[in-house]
Number of protein chains: 2
Amino acid sequence: MNIPEGFLFSAISCGIRRKDRLDLGFILCQDKATSAGVFTKNTVKAVPVIIGKRHIKERFARAIIVNSGVANACTGSEGFLGAEKILAELSNLLRIKKEEILPASTGVIGEPLPVEKIIPKLPDLIQGLSPENYTDFARAIMTTDTFPKVVLKQTKNDIVILGIAKGAGMIAPNMATMLGFVLTDGRIEKEDLQKLLNKAVDESFNKITVDGDMSTNDTVYALASNRKEIKDWKEFETYFTEVCRELARMIVRDGEGASKVIKVIVKGAKTKREAEILARAVAESPLVKTAFYGADLNWGRIYSALGKTQIPFDPEEIEIYLNNIPWVRNFKVEAEEEVLRKEMAKEDVEILIKLKRGKQSSWIMTCDLTEEYIKINASYRS
Amino acid sequence: MNIPEGFLFSAISCGIRRKDRLDLGFILCQDKATSAGVFTKNTVKAVPVIIGKRHIKERFARAIIVNSGVANACTGSEGFLGAEKILAELSNLLRIKKEEILPASTGVIGEPLPVEKIIPKLPDLIQGLSPENYTDFARAIMTTDTFPKVVLKQTKNDIVILGIAKGAGMIAPNMATMLGFVLTDGRIEKEDLQKLLNKAVDESFNKITVDGDMSTNDTVYALASNRKEIKDWKEFETYFTEVCRELARMIVRDGEGASKVIKVIVKGAKTKREAEILARAVAESPLVKTAFYGADLNWGRIYSALGKTQIPFDPEEIEIYLNNIPWVRNFKVEAEEEVLRKEMAKEDVEILIKLKRGKQSSWIMTCDLTEEYIKINASYRS
């Protein structure tokens, strides 16, 4: 499959934190691209988020630059000067407006961006631009990710959508939650692209949680090179959202130390918000997550997690299904322990929780909590 | 030191979940005791919580019965019948009102209370009553606890207060959070005891969090045998609260898999509620907790955890202190890495976060998150 027309990619190694690994990625759109962005709601915003929020207001964008290794968050005015210097240099080299370059960073908070390592390498970065290098770009933005996250789709009307993301921890359903880049060659107005991105993010990246933490750097950018007319908007919307969904699923699958993906669905809630709160309480309970890791059929922890929301449901009315097999009803286990244990041991587990309070439903995706998560995070900086 | 006058204790092994371990504890007050109780706010309430909330309305109480092994939660009408049967039998044997016996349970949710194992042992339980057996009682109520939790204090006016608790996981600052029993020989009116208990719980058990989960069984009972006049109420209040505080600290110290106790203090917030939310966000962040476990000086995670509350503070204004040593100010590390690392490696760590938004402060106590927590919780039932 071809990638969307009009985009070039490049990735190089600057030794930002470690030697000999790709840590600077670049996307250039050959045309003036329509742009949209969604950013973290964390009060502590990284420098690239603050700059990105300003630059996204421009009618068009031409490029995206992303570094891994350091987040450029909590770096104060020094962090700003550094980022601006890099953008100015790129603007100079490419003869494009500085405001048409969108920045993103990911990595350790509080460490300065090593501008002196990055600036001299920018000519190499530009030199390396090619339509093929998108997988290198995907690799350059990784931190604790164990695999690059790329999704490529083509609608029946030949519009191509390419999604690239990074994220493995500090993932919470409270806006963007990671770095994501969605590129298409369809022709779209800025307002429509922003609306579409908001909606797609809500149905994908905002529906995943790894550890309930929300990053200072979460950003999703969408660019459209406007090469092709979108004849079927509905179809395009579906594909666009699906690209985001698949990336979101990859992030959960790659959740730090995760051994399985758990989808928690709540049905029969009074309001959508109530369904969301209940699903999230289960998905974020460390006791539920560790039980799933151990394939321990400890359903009481699900009830307890639901109950800590203090939503006044009747516990006896609840029904729980595991991969569509009736699990608990009226506080009684409904299936053979062996059958349930086999389901629980699978890599993809779906818990459906049915209430009898109303007709609203919601879902959220998470992963289990393992010793490996602790190992990864106990010494992330070292 | 003597224990409070008027109380007898007993503990036996019924084989509720495992053989040959104490799993049923009993406290008898020789007089009509003034009683007070605080219970979980979880929507899913265990049978003993529902019964306890009813029985605590009686003017007096005479006894407390506690089992470990099963929680008697999510057990429906069968669970009620079982608990009532045990209470009726005890009432019969002791010739005290059933409603003057306060029940509590702790253990696995959803498994039935093995009434047939407990009833025949009740005569032994009563036979064993003595003032000395309070440590056996403390042992009988343990689940994943690694040590019994007992605090004994005597005021200068000779009022004795004995506190016994259990709890190591599923601990969150959202009411009681574990099982706790505070006994005194002071003379107190019911309303005063309830007020005192509420206040003490707020300043102790409600200030700790291990994993953010809230149990279905959390209960704190206070009994006063009314043997001695309390001459100095202020002094008594201080001691009573201190007993609860020390028990709370023990619970955090015994947090599942914990290697250290972390106290998070927030000062300079606009409101008390704001200070609480900020302190809790830091204390419950898995990324902060694992960093502390690894003695990783990753202060960015503290900023990120504060920021996810979306409280609009200015990140640059924040100051962080580690065991009273200035750690971060204006995004800059203020002390030698070696000095900080040594503090971080201690068993007791205090993080003070100073904002410049107002004059309100709050604190919360938690523990670090280790591989051991995962091991304990991945196969709790087995």
Side-chain angles (χ1 to χ4, degrees), chain A residues 41-45 71 73-76 79 108-111 169-170 172 174 211-216 284-287 290-291 293-294 296-301 303-313 315-316 328 330-333 369-371 373-382, chain B residues 41-45 71 73-76 79 108-111 169-170 172 174 211-216 284-287 290-291 293-294 296-301 303-313 315-316 328 330-333 369-371 373-382:
Chain A
K41 285 183 178 144
N42 197 307
T43 306
V44 183
K45 288 173 179 60
C74 299
T75 48
V108 178
I109 300 171
E111 290 191 8
M170 221 192 238
N174 227 324
D211 50 21
D213 269 324
M214 170 168 57
S215 141
T216 50
E284 291 192 349
S285 159
L287 290 171
T290 46
Y293 165 54
D296 186 0
L297 294 162
N298 198 333
W299 54 268
R301 290 187 178 167
Y303 280 76
S304 184
L306 291 167
K308 78 173 173 176
T309 62
Q310 297 180 41
I311 291 168
F313 58 83
E316 286 211 61
V328 192
N330 294 325
F331 296 150
K332 296 269 175 266
V333 174
L369 179 59
T370 72
E371 291 100 340
Y373 176 89
I374 313 287
K375 272 185 207 138
I376 292 168
N377 284 300
S379 57
Y380 175 51
R381 293 188 330 142
S382 15
Chain B
K41 286 183 177 143
N42 197 307
T43 306
V44 182
K45 287 174 178 61
C74 300
T75 47
V108 179
I109 300 171
E111 289 191 10
M170 223 194 234
N174 226 324
D211 50 21
D213 269 325
M214 170 167 60
S215 140
T216 51
E284 291 191 349
S285 158
L287 289 172
T290 46
Y293 165 53
D296 186 0
L297 293 161
N298 198 334
W299 54 268
R301 290 186 179 169
Y303 280 76
S304 182
L306 291 167
K308 77 173 172 176
T309 62
Q310 297 180 41
I311 290 169
F313 59 83
E316 285 213 61
V328 192
N330 294 325
F331 296 150
K332 294 270 175 267
V333 174
L369 180 58
T370 71
E371 291 100 340
Y373 175 89
I374 313 287
K375 272 185 206 135
I376 292 168
N377 284 300
S379 57
Y380 175 51
R381 293 189 328 143
S382 16

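Since the structure is predicted, the reported quantities are computational estimates derived from the model, not experimental observations. Per chain, numbering begins at 1; letters A, B, ... match sequence-line order. What's counted below: heavy atoms across the whole structure, side chains too, no hydrogens, waters or symmetry copies.
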| message | For a 4.5 angstrom cut-off between non-hydrogen side-chain atoms, does A/Val44 reach B/Pro315? | response |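 The answer is yes; the side chains approach within 4.5 Å.
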| request: Work out which heavy atom in A/Ser304 is nearest to a heavy atom in B/Ser215; give both atom names and the distance. | output: OG-CA, 4.1 Å
| message | Please classify the contact between B/Lys45 and chain A as side chain, backbone, both or neither, with a heavy-atom cut-off of under 4.5 Å. | response |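 Nothing of B/Lys45, per the 4.5 Å heavy-atom cut-off to chain A.
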To the nearest 0.5 Å, how far apart are [atom1] in [X] and [atom2] in [Y]?
| X | Y | atom1 | atom2 | value |
| --- | --- | --- | --- | --- |
| B/Ile109 | A/Arg301 | CD1 | CZ | 8.5 Å |
| A/Leu306 | B/Thr43 | CG | OG1 | 8.5 Å |
| A/Lys41 | B/Thr309 | NZ | OG1 | 14.0 Å |
| B/Asn330 | A/Cys74 | CG | SG | 11.5 Å |

| How would you list, by chain and number, every residue that makes a side chain to side chain donor-acceptor pair (under 3.5 Å) with A/Thr75, sequence neighbours excluded? |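 Partners of A/Thr75 under the side chain to side chain donor-acceptor pair (under 3.5 Å) test: A/Asn72.
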| task | Taking ring pair (Phe, Tyr, Trp, His ring centres under 6.0 Å) as the test, write out the residues that go with B/Tyr303, two or more places apart. | result |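 So B/Tyr303 forms a ring pair (Phe, Tyr, Trp, His ring centres under 6.0 Å) with B/Trp299, B/Phe331.
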